[in-house]
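Note sheet for the following structure.
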Amino acid sequence: MSDIRVRFAPSPTGYLHIGGLRTALFNWLFARRHGGKFIVRIEDTDRHRSMDEVIEPIVNGLRWTGLDWDEGPYRQTERLDLYRHKAMTLLEQGRAYWCVCTPEELDVRRKAAQARGESVQYDGRCRARGLTAPAEPAALRFRSPHTGHTVIDDLIKGSIVFDNAVLDDLIILRSNGYPTYHLSVVVDDALMGITHVIRGDDHVTNTPRQVPLFEALGYPVPRFAHLPMILGADKSRLSKRHGATSVLAYRDMGYLPDALVNYLVRLGWSHGDQEIFSMRDMIEKFSFDHVQTSAAVFNPEKLQWLNAEYIKQGTSRCIAEQLRPLLEQQGYDCNGPVQPRGGLEAVIPHLRTRAKTLVEMVEWTMPYLTEPVAMDEAAAAKFLTPAMAPSLKKFAERVKTVEPFSQETVAPVLQALLEEDRLKMGAFAQPLRVALTGRTFSPGIYEVMDLLGRERTLRRIDHALQRIPPS
RNA sequence: GUCCCCAUCGUCUAGCCUGGCCCAGGACGCCGGCCUUUCAAGCCGGCAACACGGGUUCAAAUCCCGUUGGGGACACCA
């Protein structure tokens, strides 16, 4: 055990995306590595942008990937009194002041300053007014230090120095009484005993703004670790343009949670040349020493490769369990009368090297879960020809009686037939494959017959023969 | 514009802190071959990078400075 406490603090303004998940993962790994606590906190203090309905999907995303948390999810809107109380404390101590500038006025001034090429900081016009009980709507601003320097000793980037002159007097309480992010994050991180703030790179410039708040409130300042960003292929910030961005969308596209997590952990962290990490493995090996300092581009191909690796390595049972919901979503009945011999689990060993995603695997599984099988017309036209009919027919007749019906008994029959009819394996296997699966690609032909069983094998050959026009 | 961060194959990265083992290693992708009853998988091989310019040093991908390039932040968003 240790007293390390970290948190993942998403704002419910959209779905949990790849970048958010990676932040959560690194927090989780750090906590698990050191026997600390991982806390989930929903930062929903923006009444206009927060959406209750996305909280559940965010939490489900974490759950799906196996990132379990020890406390929470806390919601900041349930803790508003805390922030208001702390804000008032700062006001009483003279560390904060009322500001009656309206958002519209501020916006105009900001734009004007920008147009003149000047600093876009708040001009501080309410700082010295000493308003005590403003009649008009007022926001509370923190009196930031304007001299000296703030130094952050970042666990990933090392020492970063900021000139306090660049600090704004940031609003900590909106005129509607809600706290802003800067206040609530500091109060919560302190009250929740967060020892390490692990977050995205986009927060580095927030850090020198928040450190003085910790100090003004009399709280110890946590350690910081700023993770490099994940970018899209065009090196811009990852967004919907770069493909599905919701974590749950990856589940729906047939990705295994362990594969996604494995991909993400290698985006910005490494352990020598190792590519494949089990959860246990990464917990054991994770360290900030090997977290990258520069941004990484999200590469869907490599994710897919990893997913394929996990499909190849996972147990049949585990893969089948994850495949089942997708099959049912597509309308296949996994408990109906039409099943591969040996059940769904039995098809997995034959499909695992062929499918890169579970969605692809659904496609591969279809011939064994439907009756009659869907026929690819082009394949039928090419391979189910009058010339092949006699051999197919002969094959069906002969395997009708082999006992038992298995590769050991069927293979000699097929070999004999090839010799008799002077056919090459390929010349006969393809038509047979099309007859049995409706398509030109499948697992080995003996495996297919094994999965189908004698009855379905014979029925499918029969159907195929029926559709072959007489020569 | 101001501030901050970053910079090794197309991409993820090892190496950098503690200079020589690096005319730079691995992985994805791509290309070629082998295997083969199809499709995959597998195996073998190939292409491909230290952003640039100055220093420091006997020696620099590794240390220092600058340039360029990329990213991020500058809200009553988080």
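Protein chains get the first letters and strands the later ones, always in sequence-line order, with residue 1 at the start of each.
- Nucleic acid contact class of A/C101 (heavy atoms, under 4.0 Å, all strands): base.
- Nucleotide B/rG69 forms a Watson-Crick or G-U wobble pair with B/rC6, both donor-acceptor distances falling under 3.5 Å.
- Of the listed nucleotides (B/rC74, B/rC76, B/rU37), B/rU37 has the atom at the smallest distance from the side chain of A/Y446.
- The distance between atom CD of A/Q274 and atom C1' of B/rC28, rounded to the nearest whole Å, is 16 Å.
- For A/K157, counting side-chain heavy atoms from C-beta on, the closest listed nucleotide (B/rC76, B/rU37, B/rC6) is B/rC6.
- Closest to the side chain of A/N299, from the set B/rA75, B/rC76, B/rU11, is B/rU11.
- Between A/E447 atom CD and B/rA40 atom P the separation is 17 Å, expressed in whole Å.
- Counting atom types as modelled, A/T205 pairs no side-chain N or O with a base atom of B/rA73 as donor and acceptor under 3.5 Å.
- No hydrogens or angles were tested; on distance alone, nothing pairs the side chain of A/R439 with the base of B/rU38 as donor and acceptor under 3.5 Å.
- Each of A/T293 and A/L106 was matched to the nucleotide of RNA chain B holding its nearest heavy atom; the match closer to the 5' end belongs to A/T293.
- Counting any heavy atom pair closer than 4.0 Å across all strands shown, A/G426 reaches sugar-phosphate atoms only and no base atom.
- For A/S442 against B/rC39, a side-chain-to-base donor-acceptor contact under 3.5 Å is absent.
- Counting non-hydrogen atoms under 4.0 angstrom, A/I171 reaches a base of the nucleic acid.
- Searching all strands for a Watson-Crick or G-U wobble partner of B/rA48 with both distances below 3.5 Å returns nothing.
- For A/T77 and A/D44, the side-chain atoms include at least one donor-acceptor pair closer than 3.5 Å.
- Ring orientation note: the planes of A/F298 and A/Y250 are nearly perpendicular, at an angle over 60° on the 30°/60° scale.
- Counting only heavy atoms from C-beta on, A/D168 has its side chain closest to B/rC74 among B/rC4, B/rC74, B/rA7.
- Spacing between atom CZ of A/R266 and atom C1' of B/rA27 amounts to 7 Å, rounded to whole angstrom units.
- Summary of the strand contacts: A/H203 and A/M229 both lie near RNA chain B, and taking for each the nucleotide with the nearest heavy atom, the more 5' one is attributed to A/M229.
- Going from atom CG of A/N262 over to atom P of B/rC12 covers 17 Å, rounded to whole Å.
- Annotation: cation-pi pair A/R199/A/F8 absent, no NZ/CZ under 6.0 Å from the ring centroid and within 45° of its normal.
- Atom CG in A/D44 sits roughly 10 Å away from atom P in B/rA78 (whole-Å rounding).
- Between A/Q121 and B/rC3, a side-chain N or O to OP1/OP2 separation shorter than 4.0 Å is absent.
- Checked options A/V297, A/I18, A/L231; the residue passing with A/L238 is A/I18 (criterion: side chain to side chain contact (heavy atoms under 4.5 Å, CB included)).
- Listed candidates were B/rC76, B/rC12, B/rU37. Nearest to the side chain of A/A429 is B/rU37.
- The CD-P distance, from A/E309 to B/rC12, rounds to 20 Å in whole Å.
- Listed pair A/R116 / B/rG1 fails the phosphate criterion, with no side-chain N or O lying under 4.0 Å from OP1 or OP2.
- One donor-acceptor pair, N or O on each side, does fall under 3.5 Å between the base of B/rG25 and the side chain of A/D273.
- Among the nucleotides B/rC3, B/rC28, B/rC12, the one closest to any side-chain atom of A/F162 is B/rC3.
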### Task
Would you sort out whether A/L306 and A/E275 count as a side chain to side chain contact (heavy atoms under 4.5 Å, CB included), showing the intermediate values?
CA-CA 9 Å; A/L306 260 172; A/E275 295 286 352; 5.7 Å; no
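- Other residues, nucleotides and ligands contribute over 12 non-hydrogen atoms within 6.0 Å of the CZ atom of A/F288.
- Base pairing analysis places B/rA59 opposite nothing; no Watson-Crick or G-U wobble pair with both distances below 3.5 Å involves it.
- When distances run from any side-chain atom of A/T180 to the nucleotides B/rG15, B/rA78, B/rC12, the shortest one goes to B/rA78.
- OP1 and OP2 of B/rG1 both lie 4.0 Å or more from every side-chain N or O belonging to A/R110.
- If you take NE2 of A/H290 and C1' of B/rG26, they are 15 Å apart, rounded to a whole angstrom.
- Using a 4.0 Å cut-off, no side-chain N or O of A/K312 falls inside it from OP1 or OP2 of B/rA40.
- Each of B/rC4, B/rC76, B/rC12 was ranked by its minimum atom distance to the side chain of A/V204; first place goes to B/rC4.
- In terms of phosphate contacts, A/R49 brings no side-chain nitrogen or oxygen within less than 4.0 Å of OP1 or OP2 of B/rC76.
- Across all strands shown, B/rG33 is found opposite B/rC43 as a Watson-Crick or G-U wobble partner, with both distances under 3.5 Å.
- Remark: the A/D107 side chain and the B/rA75 base include no donor-acceptor N/O pair separated by less than 3.5 Å.
- In this model, the phosphate group of B/rG69 is not approached by any side-chain N or O of A/K235 to a distance below 4.0 Å at OP1 or OP2.
- Applying the 4.0 Å criterion to OP1 and OP2 of B/rA73, one finds that A/R237 has a side-chain N or O inside that range.
- Remark: B/rU11 base-pairs with B/rA27. Criterion, Watson-Crick or G-U wobble with two distances under 3.5 Å.
- In this pair, A/W269 and A/H271 present their aromatic rings parallel. The plane angle is below 30°, not in the 30 to 60° band.
- In terms of polar N and O atoms assigned as donor or acceptor, the side chain of A/E275 comes within less than 3.5 Å of the base of B/rG26 in a complementary pairing.
- Rounded to an integer number of Å, the gap from CZ of A/R354 to C1' of B/rG42 is 12 Å.
- For A/T45 and B/rC77, the shortest distance from a side-chain N or O to OP1 or OP2 is not below 4.0 Å.
- Residue A/S270 places at least one side-chain N or O under 4.0 Å from the OP1 or OP2 atom of B/rA14.
- If you check every strand for non-hydrogen atoms under 4.0 Å, A/I160 touches sugar and phosphate atoms only.
- In this structure, the nucleotide among B/rA40, B/rC76, B/rA14 sitting nearest to the side chain of A/Q292 is B/rA14.
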### Query
After noting the C-alpha distance and the side-chain angles of A/H146 and A/D169, does the key distance pass the side-chain hydrogen bond (donor to acceptor under 3.5 Å, both in side chains) rule?
CA-CA 9 Å; A/H146 289 184; A/D169 278 355; 3.1 Å; yes
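- The partner of B/rC21 is absent, by the rule that a Watson-Crick or G-U pair needs both atom distances under 3.5 Å.
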### Query
Yes or no on side-chain hydrogen bond (donor to acceptor under 3.5 Å, both in side chains) for A/S184 and A/R41, after CA distance, side-chain angles and deciding distance?
CA-CA 11 Å; A/S184 58; A/R41 184 174 74 217; over 6 Å; no
